[in-house]
Amino acid sequence: MSDFDQLADYVFKGNAAAVRELTQKMVNAGGNPMEIISMGLLVGMDIVTPKFKAGDMYVPEVMMSAKALSEGMKIVKPLLVGEDIGVTKTIIIGTVAGDLHDIGKNLVVMIMESGGFNVIDLGVDVSPERFVAAIIEYDAKIVGLSALLTTTMLNMKATIDLIKEEGLRDAVKILVGGAPVSQSFADDIGADGYCADAMSAKEMATAILN
Ligand code: B12
């Protein structure tokens, strides 16, 4: 098995320590960082995606794979200055005001990062004003709103309304997600898209930015 295949397999199996070790070994041996990402790390995640969709892998396993991948990315990312892997495409994400649930949101962050996006994670209980400030500060192209409570879903609308009021609505695409959220709710509040899981969020973000 080549080092690339081995690396992909370690990501798929969620073996963060092995990913760290092998990535570092490949970098030390003069490996091309871009190739280490595209032919190794991301290949591993590409094995995970369809398995998760088909129900052959579950959330904890996907999180382990995403964590393993991010350990490898930490080593190669600093070497990529000037190379275009899409890291200039910035996504802002947060759990809306009043809501402290972040497991699903964190999964979306990891999967988005695995897709090469620069993700600014604002954390939980994020006010509409903070979302707006972050859009301006980071010149974001996509904003992701997460909510797990039927009560805090309303703050998704409040956030979108403030984004509109501040004249930023045309500058960003807004994705919403979280267990109680649905496509019809997304339509009602004026979001651009609803995603039921992290994998479709990455696919939708990629489609929007391309
Ligand atoms: C874990 C959990 C907690 C943990 C949260 C820990 C943490 N760090 O997140 C703790 C114990 C702290 C907690 C607290 C509370 N919880 Co709670 N919690 C849950 C539980 C069991 C699981 C949620 C979860 O993590 N799911 C797993 C993740 C992976 O799934 P997910 O979040 O849906 O995310 C996926 C998708 O939705 C999507 N997605 C998510 N976000 C986004 C964002 C974008 C942009 C996109 C595109 C996609 C996307 O992708 C994700 C990955 O595939 C749910 C039950 C449930 N079945 O949902 C209740 C649940 C959400 N909680 C509930 C309640 C009531 C509460 C509390 C009010 C309880 C209390 N009385 O104190 C508090 C609220 C605190 C607060 N202010 O937020 C209720 C909500 C009911 C309702 N109708 O609103 C639920 C449904 C349980 C229930 N059946 O009663 N909770």
Side-chain angles (χ1 to χ4, degrees), residues 14 45-70 86 89-128 130-132 134-135 138 140-163 168-169 171-210:
M45 211 60 208
D46 285 344
I47 305 171
V48 173
T49 305
K51 287 194 184 290
F52 178 66
K53 281 196 162 172
D56 295 332
M57 278 180 87
Y58 298 98
V59 168
E61 296 164 298
V62 176
M63 290 189 85
M64 284 180 73
S65 293
K67 174 90 179 82
L69 175 126
S70 75
K89 294 168 181 171
T90 298
I91 297 180
I92 284 174
I93 189 166
T95 304
V96 297
D99 200 321
L100 302 176
H101 294 85
D102 67 358
I103 296 171
K105 186 260 302 162
N106 292 345
L107 190 57
V108 174
V109 169
M110 282 196 271
I111 300 292
M112 290 285 197
E113 284 180 338
S114 81
F117 294 102
N118 178 36
V119 184
I120 308 291
D121 182 359
L122 301 178
V124 296
D125 190 17
V126 182
S127 67
R130 265 189 74 206
F131 276 110
V132 164
I135 292 169
Y138 297 103
K141 300 288 173 261
I142 296 184
V143 179
L145 309 177
S146 181
L148 264 286
L149 300 171
T150 43
T151 45
T152 59
M153 280 165 77
L154 302 174
N155 292 331
M156 291 180 148
K157 179 168 176 350
T159 304
I160 295 177
D161 288 348
L162 189 65
I163 291 172
L168 294 166
R169 187 64 189 88
V172 289
K173 296 287 182 190
I174 301 172
L175 302 183
V176 294
V181 181
S182 64
Q183 183 64 56
S184 66
F185 179 75
D187 295 340
D188 287 349
I189 62 170
D192 295 295
Y194 156 74
C195 307
D197 57 63
M199 298 301 181
S200 23
K202 183 179 89 170
E203 281 164 18
M204 196 177 278
T206 307
I208 286 173
L209 292 177
N210 290 335

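A quick note: this is a predicted structure, and the numbers were derived from the prediction, not measured. Atoms within each ligand, like the ligands themselves, are counted from 1 in listed order. Basis for what follows: all heavy atoms, side chains included, without hydrogens, waters or symmetry-related copies.
- Among protein heavy atoms, the minimum distance from atom 7 (C) of ligand 1 is reached at Asp102 OD1, 3.4 Å.
- Between Lys105 and Ile93 there is a side-chain heavy-atom pair separated by less than 4.5 Å.
- Checked by atom type and distance alone, the side chain of Asp125 pairs as donor or acceptor with a backbone atom of Gly98 at under 3.5 Å.
- For atom 86 (C) of ligand 1, the nearest protein heavy atom lies 4.0 Å away or farther.
- At least one side-chain heavy atom of Ser65 sits less than 4.5 Å from a side-chain heavy atom of Met57.
- The nearest heavy-atom contact from the protein to atom 33 (O) of ligand 1 is Ala179 N, 3.5 Å.
- Distance screen at 4.0 Å: atom 70 (C) of ligand 1 has no protein heavy-atom neighbour inside the cut-off.
- Nearest-residue assignment for atom 40 (C) of ligand 1 (options Ala147, Gly144, Gly178; heavy-atom criterion): Gly178.
- Atom 16 (N) of ligand 1 is approached by the protein to below 4.0 angstrom, counting heavy atoms only.
- Protein heavy atoms all stay at least 4.0 Å away from atom 54 (C) of ligand 1.
- When the heavy-atom distances from atom 19 (C) of ligand 1 to Lys202, His101, Met204, Met63 are ranked, the shortest goes to His101.
- Closest approach of Phe52 to Met199, counting heavy atoms only: CD2-CG, 3.6 Å.
- Relative to atom 38 (C) of ligand 1, the option among Ala196, Ser146, Ala205, Gly193 with the closest non-hydrogen atom is Ala196.
- The Asp99 neighbourhood of ligand 1 comprises atoms 78 (O), with distances under 4.0 Å to a heavy atom of that residue.
- Checking only distances, Thr150 does come within under 3.5 Å of ligand 1, N or O to N or O.
- Remark: the backbone N or O of Asn155 is not paired with any side-chain donor or acceptor of Thr152 at under 3.5 angstrom.
- Considering backbone and side-chain atoms alike, Val176 places every N or O at 3.5 Å or more from each N or O of ligand 1.
- The Cys195 neighbourhood of ligand 1 comprises atoms 47 (C), 48 (C), with distances under 4.0 Å to a heavy atom of that residue.
- For ligand 1, the atoms closer than 4.0 angstrom to any heavy atom of Asp197 are 38 (C), 50 (O), 53 (O).
- Counting heavy atoms from C-beta outward, Asn106 and Asp121 have side chains that approach closer than 4.5 Å.
- Among all non-hydrogen protein atoms, the one lying nearest atom 30 (O) of ligand 1 is Gly104 CA, 4.2 Å.
- Of all the atoms in ligand 1, the ones that sit under 4.0 Å from a non-hydrogen atom of Leu175 are 45 (C).
- Atom 24 (C) of ligand 1 is never approached by the protein to below 4.0 angstrom, counting heavy atoms only.
- For the pair Met63 and Ile103, the tightest heavy-atom approach, listed with the atom from each and the gap, is CE-O, 4.1 Å.
- Within the 4.0 Å cut-off (strictly below), a protein heavy atom is located near atom 42 (C) of ligand 1.
- The heavy atom nearest to atom 48 (C) of ligand 1, out of those in Ser200, Pro180, Gly177, Ala198, is found in Gly177.
- Counting heavy atoms from C-beta outward, Leu175 and Ile208 have side chains that approach closer than 4.5 Å.
- There is no protein heavy atom less than 4.0 angstrom from atom 57 (N) of ligand 1.
- Shortest contact from atom 65 (C) of ligand 1 to any protein heavy atom: Leu149 CD2, 4.0 Å.
- Looking at atom 26 (N) of ligand 1, its nearest protein heavy atom turns out to be Leu148 CD1, 4.9 Å.
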Could you walk me through whether Val48 and Met45 pass the side-chain contact (heavy atoms from CB on, under 4.5 Å) check? CA-CA 5 Å; Val48 173; Met45 211 60 208; 4.1 Å; yes
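- When hydrogens are left out, the protein atom nearest atom 77 (N) of ligand 1 is Gly98 O, 3.1 Å; that is the closest non-hydrogen contact.
- Here the protein heavy atom with the shortest distance to atom 27 (C) of ligand 1 is Ile103 CG2, 4.4 Å.
- Between Lys53 and Glu203 there is a salt bridge, since a side-chain N of the basic residue sits under 4.0 Å from a carboxylate O of the acidic one.
- In this structure, atom 76 (C) of ligand 1 lies nearest to the protein heavy atom Leu100 N, 3.5 Å.
- For Thr151, no heavy-atom contact with ligand 1 is shorter than 4.0 Å.
- Contact atoms of ligand 1 toward Ala201: 47 (C) (distance under 4.0 Å to a heavy atom of the residue).
- Counting only distance, with no hydrogens or angles, the side chain of Asp99 and the backbone of Leu149 share a donor-acceptor pair below 3.5 Å.
- Under 4.0 Å from ligand 1, the heavy atoms of Leu107 that appear belong solely to its side chain.
- Distance remark: protein heavy atom not present below 4.0 angstrom from atom 10 (C) of ligand 1.
- Two residues are said to be in side-chain contact when any heavy atoms from C-beta on lie closer than 4.5 Å; Asn118 and Tyr138 fail this criterion.
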Using salt bridge (Lys or Arg N to Asp or Glu O under 4.0 Å), reason through Asp192 and Arg169 one step at a time and then give a plain yes or no. CA-CA 10 Å; Asp192 295 295; Arg169 187 64 189 88; 2.8 Å; yes
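- In this structure, Val132 and Thr159 have side chains that are not in contact, with every pair of non-hydrogen atoms separated by 4.5 Å or more.
- Using a distance-only test at 3.5 Å, with no hydrogens or angles considered, a donor-acceptor pair links the side chain of Thr95 to the main chain of His101.
- A 4.5 Å side-chain heavy-atom check between Lys173 and Leu209 finds every atom pair outside the cut-off.
- Between Phe185 and Met156 the shortest side-chain heavy-atom distance falls below 4.5 Å.
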